[in-house]
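Working notes for the structure below.
Order of appearance sets the numbers: ligands from 1, and atoms from 1 within every ligand. We count residues from 1, following the sequence as given.
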Amino acid sequence: MKLSTYFLPVLKETPSEATIVSHQLMLRAGMIRQNGAGIYTWLPLGLKVLRKIEAIVREEMDRAGAVEMLMPTIQPAELWQESGRYDDYGKEMLRIVDRHERDMLYGPTNEEMITDAFRAYVRSYKQLPLNLYHIQWKFRDEIRPRFGVMRGREFLMKDAYSFDVDAESARRSYQKMFCAYLNTFDRLGLTAIPMKADTGPIGGDLSHEFIILADTGESEVFCDKRLLDLPAPGLDLDFDGDLEPEISKRTQYYAATEEMHDEAEFAAVDEDNRVSARGIEVGHIFYFGEKYSKAMKAEIMNAEGKSVPVQMGSYGIGVSRLVGGIIEACHDDKGIVWPKSVAPFDVAIATIKARDEAIQNAGSEAYEKLQSAGFDVLYDDRDASPGVKFSTLELIGVPHVIAIGPKGLERGVVELKYRATGESEELSLDDAIAKLTGAS
Ligand code: 5CA
């Protein structure tokens with residue numbers, strides 16, 4: 001992408017309405033534009049990051065055996081009347097009446113709709129276990145939308161739903177999602193702490209929130225310090241093979257989170273090991289058994305030939321919230337420092353004295369070579385000062401910048417700058433590309 005023809009409306013000033021750093025940086029970096037309370041346009045740079053996060057979430061869901069589909073944003077009220085949640089959900093649900101006076105709603109979540117799809121097609125335990133998910137926009141008429149995309153009214157969520165013949169198998173499905181979540185957050189460059197949680201309007205008796213630590217977070221984390229050491233990177237799971245050994249790798253961790261993590265239990269933790277911190281809830285998983293299947297008569301035949309309500313769980317990840325959450329965890333005084341896995345571009349080229357013909361040729365050569373090597377490249381070909389170029393690229397958080405200027409060109413070198421450390425080195429273009437290939 002050439003910056004001269006891209007759409008990157010960066011702001012010089014920090015907008016006064018933004019009170020937390022991720023919101024400020026998303027506005028300044030030209031990632032989002034507010035259209036109303038809790039409603040945002042995703043500008044090109046913001047959309048790129050959103051899509052990268054979505055792709056990682058999708059890959060990990062697929063790897064854990066979940067199957068993607070897509071349900072609509074607008075739902076008929078009847079399904080919610082059947083489950084009993086139409087009245088329970090209260091003012092957070094955006095209710096709509098269509099031209100035929102039919103009651104509709106903008107979905108805040110999809111338990112009812114997925115249960116309706118399930119009961120239409122599945123009859124036998126032999127078709128289970130099954131896990132279906134989608135990645136779709138939701139609407140919740142939050143009383144206090146704030147912090148930009150972190151607490152929006154319209155937001156992108158991945159929601160998965162598991163179906164099992166009995167409670168034992170349902171708990172295995174839950175555990176499998178639990179592991180998939182740890183993998184997903186690892187890949188996003190985050191340490192997410194699972195905490196036992198209230199089930200709220202979703203219902204059920206078993207639930208975990210996944211929290212990333214940030215001072216600006218809305219959730220209070222009560223945690224045994226020793227748990228922070230357990231989700232160490234390197235516990236890479238491969239769901240392709242037999243599941244048992246894979247799950248057992250995480251079992252110790254899972255079991256530990258089962259044992260503690262609400263405020264009362266926290267009081268029992270040895271004082272030396274307590275931490276209490278603030279964090280952002282980026283995921284939430286629930287096992288609620290028969291809550292919806294009983295009310296909506298989603299029954300299956302078990303091995304004994306008996307018709308029983310299917311056992312269900314649901315598993316949410318706040319995809320759009322994660323964009324803000326990652327920035328909260330990954331920034332410095334110059335701007336965003338994206339983890340490589342979600343950076344909008346892998347590498348940028350900044351030309352100094354961009355109108356000089358030799359510089360233009362060198363810039364084009366670097367652009368072509370980097371693209372051929374498979375990198376997503378942002379070429380800052382604008383006729384702007386080095387200061388403007390570097391500060392823009394630092395603000396938007398591109399992990400690597402190759403600076404090409406007349407002095408270096410004479411000596412056959414470019415400058416390779418690393419966003420995360422601020423370090424830089426001089427080397428030939430080909431060596432810089434080789435280095436990036438090794439590092440990526
Ligand atoms: N049906 C269940 C699981 S699929 C459910 O809706 N769970 S939830 O209410 O906890 O939402 C799942 C995730 O969506 C949350 O963990 C959070 O990361 C994200 N989320 C919830 N509300 C908002 C909001 N107003 N703005 C941005 N993200 C949100």
What part of [X], side chain from CB on, backbone N/CA/C/O, both or neither, has a heavy atom under 4.0 Å from ligand 1?
X	answer
R140	side chain
V282	backbone
F286	side chain
M157	side chain
E142	side chain
I285	neither

- Message: Any heavy-atom pair between the side chains of R140 and R153 that's under 4.5 Å?
- Response: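 Sidechains of R140 and R153: no contact.
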- Is the closest side-chain heavy-atom distance between R419 and D332 below 4.5 Å?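 They are in contact (side-chain heavy atoms under 4.5 Å apart), so the answer is yes.
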Could you label the plane-to-plane angle of the [X] and [Y] rings as parallel, tilted or perpendicular, counting under 30° as parallel and over 60° as perpendicular?
X	Y	value
Y181	F210	tilted
W137	W42	tilted
W80	Y89	perpendicular

Using distance alone, determine whether [X] and ligand 1 share an N or O pair under 3.5 Å.
X	answer
R153	no
K158	no
G152	yes

- Query: Hey, would you say the H400 and Y418 ring centroids sit under 6.0 Å apart?
  - Reply: yes
- Between E111, R144, E92, flag the one that comes closest to atom 1 (N) of ligand 1 by a heavy atom. E111
- Query: Among side-chain atoms of D62 and Y133, is any donor-acceptor pair under 3.5 angstrom?
  - Reply: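 Indeed, the side chains of D62 and Y133 share at least one donor-acceptor pair under 3.5 Å.
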